[in-house]
Peer 1: 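Here it is, the structure in full.
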Amino acid sequence: MLRYGATVMEIVSSKYGDAAASAVAARVNGEMVDLSHPVDEGASVELVDISSIDGLGVLRHSISHIMAQAVQDIFDGVKVTIGPSIEDGFYYDFEYSGTFTPEDLEKIEKRMREIVSANHPFVRKEMSRQDAVSFFEEKGEPYKVELINDLPEDLTHVSLYSQGGFFDLCRGPHIPATGMVKAFKLLSVAGAYWRGDEKNKMLQRIYGTGFATQEELDEYLRIIEEAKKRDHRKLGKELDLFQMNDEAGPGLIIFHPKGALLRTIIEDWEKKEHLKRGYDIVMGPQILKVDLWKKSGHFDHYRDNMYFTEVDEQMYGIKPMNCLSHMLIYKSKIRSYRDLPLRYFELGTVHRHEKTGVLHGLMRARQFTQDDAHILCTPDQLNSEIRAIADMVDYAMGVFGFSYEVELSTRPESSIGSDADWELATSALKLALEDNSIAYDINEGDGAFYGPKIDFKLKDALGRKWQCATIQCDFTLPERFDLSYIGADGEKHRPVMLHRVILGAIERFMGVLIEHYAGAFPVWLSPVQATILTVTDKHIPYGEEVFRRLLTAGVRCERNFRNEKLGYKIREGQMQKVPYMLVIGDREMESETVSPRQRDGGQNLGSMGVDDFVAVVREKCDIYQ
RNA sequence: GCCGAUGUAGCUCAGUCGGUAGAGCAACUGAUUCGUAAUCAGUAGGUCAGCGGUUCAAAUCCGCUCAUCGGCUCCA
């Protein structure tokens with residue numbers, strides 16, 4: 001059936017018929033190619049469907065070309081650079097002397113729709129490097145020329161794609177023709193550095209997205225809207241959890257009573273869990289002499305992110321990390337191999353001078369508190385310690401209701417330590433993951449300056465990923481601080497150190513929690529677990545009694561005895577996302593009961609005694625006991 | 001830090017051509033005493049982000065600064 005020189009398209013339409021209609025590309029012997037690609041007899045041909053992840057990538061990449069064409073059609077003097085597909089859509093970076101406005105995006109979309117209706121085929125053309133360079137030089141596209149010149153030397157030919165008279169340097173593959181685009185939207189304009197380097201020229205990036213169907217696009221846009229509603233900065237204000245204040249300074253968070261209570265609940269849980277797992281709670285000072293930061297390497301590698309202060313003609317560094325005092329605790333005694341592992345845990349508040357442009361509510365602040373620990377152990381113990389931490393992360397994520405993904409980050413460009421130590425540390429992390437049967441991706445060059453790390457990225461209710469837990473393996477600090485333990489052989493040995501956080505930064509974790517639960521926290525985390533609502537003023541004395549009893553029993557509750565109708569107070573409770581609203585009227589007063597109404601609109605629990613309600617709340621707080 | 005946008009009452013937002021500030025909700029006071037998502041009436045609330053300039057006159061035009069938002073770079 002297959003003939004030599006046939007194209008993928010011909011093959012698939014003869015073989016699959018209509019099933020080929022939703023294919024955007026194909027995999028021939030594993031390599032993604034256009035449907036117009038010629039194939040040899042006997043090659044393995046697999047369709048890439050528009051709704052698959054790879055297919056969406058092809059579709060979005062093609063839409064980015066269509067957008068680039070539209071932009072150049074409308075605006076003079078626009079130079080094209082690159083336009084890839086990304087996780088949720090695509091972008092294209094342009095050099096343009098003006099600025100693109102939201103109105104411009106509409107104009108561009110309109111032109112794109114015209115290009116789509118014209119159903120121009122995407123045509124691939126191969127050219128020698130030299131020809132391609134002259135071609136783009138002639139067109140006045142210096143960025144494309146630069147890209148070609150930077151390609152590996154052994155590459156003699158490059159491919160260009162064109163549609164409707166627009167040419168772009170591109171590896172492909174692309175959809176067969178522009179008419180295949182059914183649903184797309186341009187989303188925003190932003191600045192972006194050429195080749196992602198802040199020393200380069202700032203380009204203008206237009207973001208957009210595309211889907212196989214309008215329904216999928218609408219669903220995606222709905223999720224964006226939903227994310228806006230859940231924004232922790234908005235909910236933080238509405239639920240009166242915290243504030244950021246211009247007068248206080250950027251990146252500094254002020255926790256209000258309910259936010260501070262939520263944080264306290266999380267921190268108390270952490271302390272208990274760490275004690276259960278053989279950690280020692282320690283506390284170090286906020287500032288340390290600058291010489292200590294020089295010794296650790298932070299002064300050389302992290303100075304730009306640190307705050308300094310001078311007292312009595314002595315320079316101090318305000319800690320951006322918690323490791324150093326833990327080093328000093330270790331060094332305070334001679335340690336035996338029998339003492340190891342030592343696990344020092346600190347809810348360590350750190351200050352990092354983050355660039356103003358990166359600050360983002362609780363997610364990225366200049367002062368934050370890590371649930372930090374440093375584990376000092378023998379090389380033999382490394383594996384079991386890493387595995388224990390991975391188990392703890394898994395447990396914690398379960399408790400807070402998150403799933404997560406794991407990445408292994410390797411040596412970055414700016415780093416300290418020997419190649420051998422990096423190799424040892426990286427393989428220790430790898431091995432522990434494999435021993436725990438944890439699937440992971442490798443993130444090249446993204447390690448800390450002192451060691452490789454395992455990153456746990458938790459996924460929230462909207463599928464967004466957040467970096468929280470990490471495990472970092474460090475051979476360097478023990479050496480710089482000359483840490484040792486006496487081994488069974490009576491000789492001095494160097495311990496290995498693990499840096500690790502479970503929730504990461506408490507602030508960031510709270511931000512993620514707020515967005516994950518849209519502010520409707522599970523009962524055990526809710527700062528206010530119940531609000532007591534009186535029907536009329538005559539129920540206030542009984543309401544006070546219920547309040548006292550609940551408070552004594554450890555239920556976090558509030559009174560709403562205002563002179564408002566019950567419906568109004570219910571509404572207030574709903575908007576504050578309080579899990580239980582206890583209605584107190586004649587019936588409850590007479591029978592000495594409460595009638596809990598549930599936040600989630602589930603059935604009312606009926607009337608019950610105060611003690612019974614306490615039991616209901618306690619049962620939901622098992623995690624916390 | 002860089003590109004772009006924004007900043008008006010506690011919150012969400014109007015405010016036209018430059019003529020001296022407005023709504024809804026919240027708050028407060030009073031009436032009402034009510035059974036599961038908004039009772040009625042009234043009162044108060046503003047250095048229009050800050051500083052400077054143009055003008056007879058600036059929330060409005062211009063400049064600078066600060067902060068926030070969307071990205072980039074960086075990161076827990």
Side-chain angles (χ1 to χ4, degrees), chain A residues 91 93 96 98-102 187-207 228 231 233-234 237-238 240 243-251 302 304-305 320-322 348 350 352-372 409 412 446 448 453 455-457 466-470 472 499-509 511-512 533-540 562-576 581-588 595-599 601 604 607:
Chain A
Y91 66 77
D93 285 348
Y96 177 49
T99 50
F100 298 119
T101 64
L187 299 170
S188 60
V189 186
Y193 299 107
W194 166 235
R195 303 192 131 182
D197 188 330
E198 60 184 325
K199 291 181 204 79
N200 287 343
K201 193 174 168 67
M202 179 67 75
L203 305 170
Q204 288 198 56
R205 174 172 296 180
I206 300 179
Y207 281 98
K228 277 188 202 155
D231 190 309
R233 294 163 297 187
K234 181 174 141 76
K237 208 175 266 177
E238 287 171 7
D240 199 15
Q243 65 170 304
M244 314 284 278
N245 191 310
D246 286 10
E247 285 187 277
Y302 209 74
D304 292 348
N305 279 300
M321 297 179 190
N322 303 300
V350 296
R352 295 186 188 174
H353 182 207
E354 303 288 357
K355 292 174 178 176
T356 52
V358 307
L359 301 173
H360 183 89
L362 295 181
M363 306 296 197
R364 195 83 183 270
R366 282 183 168 169
Q367 181 195 300
F368 58 95
T369 299
Q370 297 175 299
D371 58 337
D372 206 358
S409 297
D446 206 35
K453 58 180 183 169
D455 289 326
F456 296 80
K457 310 227 158 161
W466 300 93
Q467 156 87 68
C468 289
T470 89
Q472 304 175 354
H499 308 246
R500 49 106 281 188
V501 287
I502 302 295
L503 305 183
I506 307 292
E507 287 81 354
R508 173 179 289 185
F509 190 76
V512 176
L533 313 180
T534 45
V535 177
T536 74
D537 286 355
K538 71 176 173 185
H539 306 113
I540 289 177
R562 290 163 39 135
N563 177 11
E564 295 289 351
K565 286 176 139 174
L566 182 61
Y568 185 89
K569 293 197 261 194
I570 295 276
R571 184 162 190 275
E572 285 183 319
Q574 283 296 134
M575 290 199 303
Q576 285 297 306
M581 280 158 267
L582 305 182
V583 176
I584 304 274
D586 286 342
R587 289 202 295 273
E588 288 73 22
S595 294
R597 176 190 205 274
Q598 297 190 94
R599 166 183 65 192
N604 289 355
S607 60

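Source: prediction; values computed, not measured. Chain letters run A, B, ... following the sequence lines, proteins first, then strands; residues in each count from 1.
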Peer 1: How many whole angstroms separate atom CD of A/Gln472 from atom P of B/rC75?
Peer 2: 11 Å
Peer 1: Hey, does the side-chain of A/Glu588 have a donor or acceptor N/O within less than 3.5 Å of a partner on the base of B/rG35?
Peer 2: yes
Peer 1: Quick one: A/Asp240 CG to B/rG10 P, roughly how many Å, whole number?
Peer 2: 15 Å
Peer 1: Is there, by distance only and without an angle test, a donor paired with an acceptor across the side chain of A/Arg195 and the base of B/rC72 below 3.5 Å?
Peer 2: no
Peer 1: Do any side-chain nitrogens or oxygens of A/Tyr568 fall under 4.0 Å of OP1 or OP2 in B/rG35?
Peer 2: no
Peer 1: Please determine if a side-chain N or O atom of A/Tyr207 lies less than 4.0 Å away from the OP1 or OP2 oxygen of B/rC72.
Peer 2: yes
Peer 1: Taking only the side-chain nitrogens and oxygens of A/His360, find out if one of them lies under 4.0 Å from OP1 or OP2 of B/rU68.
Peer 2: no
Peer 1: Only stems of 3 or more consecutive Watson-Crick or G-U pairs count here, both distances under 3.5 Å; name the ones for RNA chain B, or none.
Peer 2: B:1-7 with B:66-72, B:10-13 with B:22-25, B:27-31 with B:39-43, B:49-53 with B:61-65
Peer 1: Nearest whole Å is fine: how far is B/rG4 C1' from A/Tyr96 OH?
Peer 2: 14 Å
Peer 1: Taking any heavy-atom pair under 4.0 Å as a contact, classify A/Gly585: base, sugar-phosphate, or nothing.
Peer 2: base
Peer 1: Establish whether the base of B/rC74 is bridged to the side chain of A/Arg352 by a donor-acceptor pair shorter than 3.5 Å.
Peer 2: no
Peer 1: Pick one for B/rC62: is it syn, with its angle within 90° of 0, or anti?
Peer 2: anti
Peer 1: If only side-chain N and O atoms of A/Arg562 are considered, is one of them under 4.0 Å from the OP1 or OP2 phosphate oxygen of B/rA27?
Peer 2: yes
Peer 1: For B/rG1, does the base pair up with any side-chain atom of A/Tyr193 as donor and acceptor (N or O, under 3.5 Å, distance only)?
Peer 2: yes
Peer 1: OP1 or OP2 of B/rU36 versus the side-chain N and O atoms of A/Arg587: is any pair under 4.0 Å?
Peer 2: no
Peer 1: Can you tell me, in whole Å, how much space there is between the P of B/rG1 and that of B/rU65?
Peer 2: 11 Å
Peer 1: Can you see if the side chain of A/Thr356 gets near the phosphate of B/rG1 - specifically, an N or O under 4.0 Å from OP1 or OP2?
Peer 2: yes
Peer 1: Determine: side-chain N/O of A/Lys453 to OP1/OP2 of B/rA76, distance under 4.0 Å, yes or no.
Peer 2: yes
Peer 1: Within the 4.0 Å heavy-atom criterion, would you say A/Ala365 contacts the bases, only the backbone, or no part of the nucleic acid?
Peer 2: base
